[in-house]
Amino acid sequence: MKDRQQNILIIGAGLCGSLLALRLGQRGYNVSVYEMRSDLRKVDISAGRSINLAFSDRGNKAMKLVGIEDKVKALCIPMKGRMIHDREGHTFLSNYSGRDHEYINSISRGGLNALLLDEAEKHENVAIYFNKKCKSVDFKKTTALFKDYETKSEFVEDADVIIATDGAGSAMRKSYYLAKKFLFSFSQDYLTHGYKELSILPTKTGDYKTYKNALHIWPRGDFMLIALPNLDGSFTVTLFLSYDEGTYHFNNLTTPEIVTEFFEKEFPDALQLMPNLVEDFFNNPTAALGTVKCSPWHYKGNTLLMGDSAHAIVPFYGQGMNASFEDVVEFDAVLDQGLENWETVFKTYEATRKKNTDAIADLAIDNFYEMRDHVANPIFQEKRKLEMALEQHFPDEYSSKYALVTFNENISYHEAMTRGRAQDKAILNMIVDKDIPTAANMTKEALKEVLEKVKIATQDILDEDKIAGLKRG
């Protein structure tokens with residue numbers, strides 16, 4: 001561990017892998033990264049993957065760590081809240097926070113990945129190889145088998161440590177599972193819904209066709225449409241829809257006429273902005289939405305899973321990329337402890353990190369139902385108005401569950417989930433029982449009384465959970 005000349009092999013040069021390579025390169029390790037795809041800086045490889053992502057405080061904490069915060073900021077479009085669209089085309093903006101400085105950002109996946117690759121390659125001790133697919137990992141020997149897509153040949157690489165950041169379909173995780181050499185638990189749970197990427201193109205003059213600084217949502221109960229802005233004036237639009245349930249589903253949207261009919265009925269204002277709808281719909285793939293959990297993430301001191309390869313989540317909290325970036329921050333903090341060997345490093349990292357990645361996975365599923373259904377519910381809307389007022393008037397005393405997760409990067413996901421769920425339950429119970437007036441009619445003094453009630457009710461719920469045997473963060 002004290003020998004910084006050790007050779008580290010990273011499988012996957014996506015967002016997590018390129019950030020990890022940069023950070024380990026800064027720390028002085030010899031790093032080799034192998035990526036199965038072509039170099040995205042030279043070839044367009046988006047092919048139906050989300051071309052923009054939600055970037056927030058936990059991700060930015062990682063950018064500060066490696067010293068590129070300002071460069072990343074130039075790629076960002078601030079989104080102050082959710083712009084909700086009803087079937088009649090009416091809209092209202094629901095801010096993410098009552099504090100003006102708290103917002104999320106839309107960022108280009110490709111632009112950010114390219115920046116991280118450029119920064120990593122500035123270090124002479126970092127080498128990145130493309131078109132090299134990992135087929136399997138011998139975790140006992142600390143070797144990996146690759147296929148070179150250019151020469152069609154296969155080759156084996158060895159290292160002191162192998163870290164897999166090769167995503168939800170991780171070759172190393174598959175090797176853990178198939179080898180049956182140690183007790184390895186693995187679950188992969190799919191939603192009944194899939195997603196398809198669409199787009200709202202910019203105007204002829206390159207302007208945005210709708211409000212730029214928001215995440216747009218068309219919630220429709222069992223399905224929804226969302227849109228995030230891009231720097232070129234376009235929006236990336238994503239349809240989340242069941243494969244085979246409901247009047248319209250992916251399995252029966254088979255002709256241009258049916259697709260157009262569906263959008264005319266459910267998303268008429270979006271359709272007006274999307275003359276390219278049919279072309280996008282039939283050109284872009286439909287992809288699955290799943291959650292991956294597994295343990296252990298490591299084998300002795302030889303190999304480690306990180307990012308989506310260890311904990312893939314659905315995208316509904318906007319935390320997938322941020323969680324993977326936070327992995328690197330947490331791993332770096334463990335390295336700072338100066339532990340005696342890699343096995344101790346890996347054990348310590350997983351012991352502190354896994355309950356938090358499990359928590360954000362569960363929160364992402366919760367937010368799927370919230371975004372497609374609850375955001376249009378009057379009780380939920382009243383809860384959000386109250387939370388906005390509490391955050392605005394008492395910024396140091398109250399943070400919603402969303403704010404705890406998204407804007408409080410020094411609070412763990414697990415703590416944010418535990419406290420946030422208790423707060424939600426407390427507030428919703430008060431609204432339903434009519435124990436508090438509506439937020440619009442409250443003075444600051446009345447809001448202060450409500451805040452104290454919420455604090456007491458939240459603590460009571462947390463105490464009840466503790467008595468029931470549930471562990472707190």
Side-chain angles (χ1 to χ4, degrees), residues 8-26 31-56 58-77 104-123 126-134 149 163-171 197 199 228-232 234 236 238 284 287 305-313 315 318-329 331-332:
I8 299 178
L9 190 160
I10 297 174
I11 303 169
L15 293 168
C16 183
S18 52
L19 173 65
L20 180 64
L22 169 56
R23 185 56 188 153
L24 291 177
Q26 289 175 339
V31 181
S32 298
V33 188
Y34 288 84
E35 167 60 48
M36 73 173 181
R37 295 168 297 176
S38 300
D39 188 342
L40 57 74
R41 295 166 294 181
K42 301 174 183 175
V43 182
D44 178 17
I45 57 170
S46 58
R49 295 188 81 202
S50 296
I51 65 169
N52 56 8
L53 300 161
F55 177 74
S56 54
R58 292 177 195 272
N60 197 49
K61 181 170 58 174
M63 301 305 104
K64 288 178 182 177
L65 175 68
V66 295
I68 60 170
E69 181 185 8
D70 290 341
K71 292 180 180 179
V72 172
K73 191 173 182 179
L75 301 174
C76 291
I77 299 175
I104 64 175
N105 299 277
S106 178
I107 194 167
S108 160
R109 176 197 292 271
L112 179 55
N113 207 158
L115 172 62
L116 290 168
L117 291 169
D118 287 343
E119 293 295 321
E121 285 186 332
K122 288 179 180 178
H123 297 270
V126 176
I128 305 173
Y129 306 94
F130 297 93
N131 297 302
K132 310 286 190 286
K133 176 181 173 59
C134 181
Y149 280 154
I163 304 178
T165 56
D166 51 341
S170 172
E197 297 285 351
S199 61
L228 277 73
N230 296 306
L231 290 171
D232 65 359
S234 69
T236 300
T238 310
N284 292 342
L305 298 167
M306 189 179 288
D308 283 357
S309 64
H311 51 78
I313 65 176
Q319 286 295 307
M321 167 182 64
N322 296 289
S324 291
F325 283 171
E326 193 175 65
D327 282 358
V328 178
V329 175
F331 185 68
D332 188 72

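Values below: every heavy atom of this structure, side chains too, minus hydrogens, waters and symmetry copies. Computed from a predicted model, the values in this text were never measured in an experiment.
Shown here for Gly17 and Thr165, the closest heavy-atom pair between the two residues is CA-OG1, 3.1 Å. Pairing each heavy atom of Asn131 with each of Ser38, the nearest pair is OD1-OG, 3.0 Å. The minimum heavy-atom distance between Glu35 and Ala13, with the atom names listed, is OE1-N, 2.6 Å. Taking both residues in full, the closest heavy atoms of Ala21 and Val33 are given as CB-CG2, 3.6 Å, listed atom of the first, atom of the second, then distance. The two residues Ala54 and Ile104 have their closest heavy-atom pair at CB-CD1, 4.2 Å.
Between Phe325 and Phe55, the two ring planes are perpendicular [angle over 60°; tilted spans 30° to 60°].
When the shell of 6.0 Å around CE of Met36 is examined, it contains 12 or fewer heavy atoms from other residues, nucleotides or ligands.
The main-chain N or O of Lys71 is never found under 3.5 Å from a side-chain atom of Lys73 such that the two would form a donor-acceptor pair. Under a 3.5 Å cut-off, the side chain of Ser18 and the backbone N or O of Leu117 do not form any donor-acceptor pair. Using modelled atom types, no side-chain atom of Ser32 and backbone atom of Val126 make a donor-acceptor pair closer than 3.5 Å. Counting only distance, with no hydrogens or angles, the side chain of Asp166 and the backbone of Ala171 share a donor-acceptor pair below 3.5 Å. Under a 3.5 Å cut-off, the side chain of Asn284 and the backbone N or O of Glu197 do form a donor-acceptor pair.
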Quick one, Ser324 with Leu15, criterion side chain to side chain contact (heavy atoms under 4.5 Å, CB included). Give me CA distance, side-chain angles, the key distance, then yes/no. CA-CA 8 Å; Ser324 291; Leu15 293 168; over 6 Å; no
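Of the N and O atoms on the side chains of Ser56 and Gln319, at least one donor lies less than 3.5 Å from an acceptor on the other residue. When only modelled atom types and interatomic distance are considered, Ser108 and Asn230 share no side-chain donor-acceptor pair under 3.5 Å.
Residues satisfying the side chain to side chain contact (heavy atoms under 4.5 Å, CB included) test with Asp70, not counting sequence neighbours, are none. For Asn60, the side-chain hydrogen bond (donor to acceptor under 3.5 Å, both in side chains) partners at least two apart in sequence or on another chain are Glu69.
A distance of 11.0 Å separates CG in Leu112 from CG in Asn105, rounded to the nearest 0.5 Å. Atom CZ of Arg109 and atom CG of Leu53 lie 4.5 Å apart (nearest 0.5 Å). Atom CE of Met63 is separated from atom CG of Leu115 by 8.5 Å, given to the nearest 0.5 angstrom. Rounding to the nearest 0.5 Å places CD of Glu121 at 4.0 Å from CD1 of Ile128. In this structure, the separation between CG on Leu305 and CG on Asp308 is 11.5 Å, given to the nearest 0.5 Å. Residue Leu75 holds its CG atom at 7.0 Å from CG of Leu231, rounded to the nearest 0.5 Å.
Counting heavy atoms from C-beta outward, Glu119 and Leu19 have side chains that stay 4.5 Å or more apart. When side chains are defined from C-beta on, Asn52 counts as touching Ser106, because their heavy atoms get closer than 4.5 Å. Looking at heavy atoms from C-beta onward, Leu22 lies in side-chain contact with Gln26 at the 4.5 angstrom threshold. Within the 4.5 Å cutoff, the side chain of His123 has no heavy atoms near those of the Val31 side chain.
Each of Ile10, Leu116, Asp327, Asp332 was checked for a side-chain contact (heavy atoms from CB on, under 4.5 Å) with Leu20, and the lone residue meeting it is Ile10.
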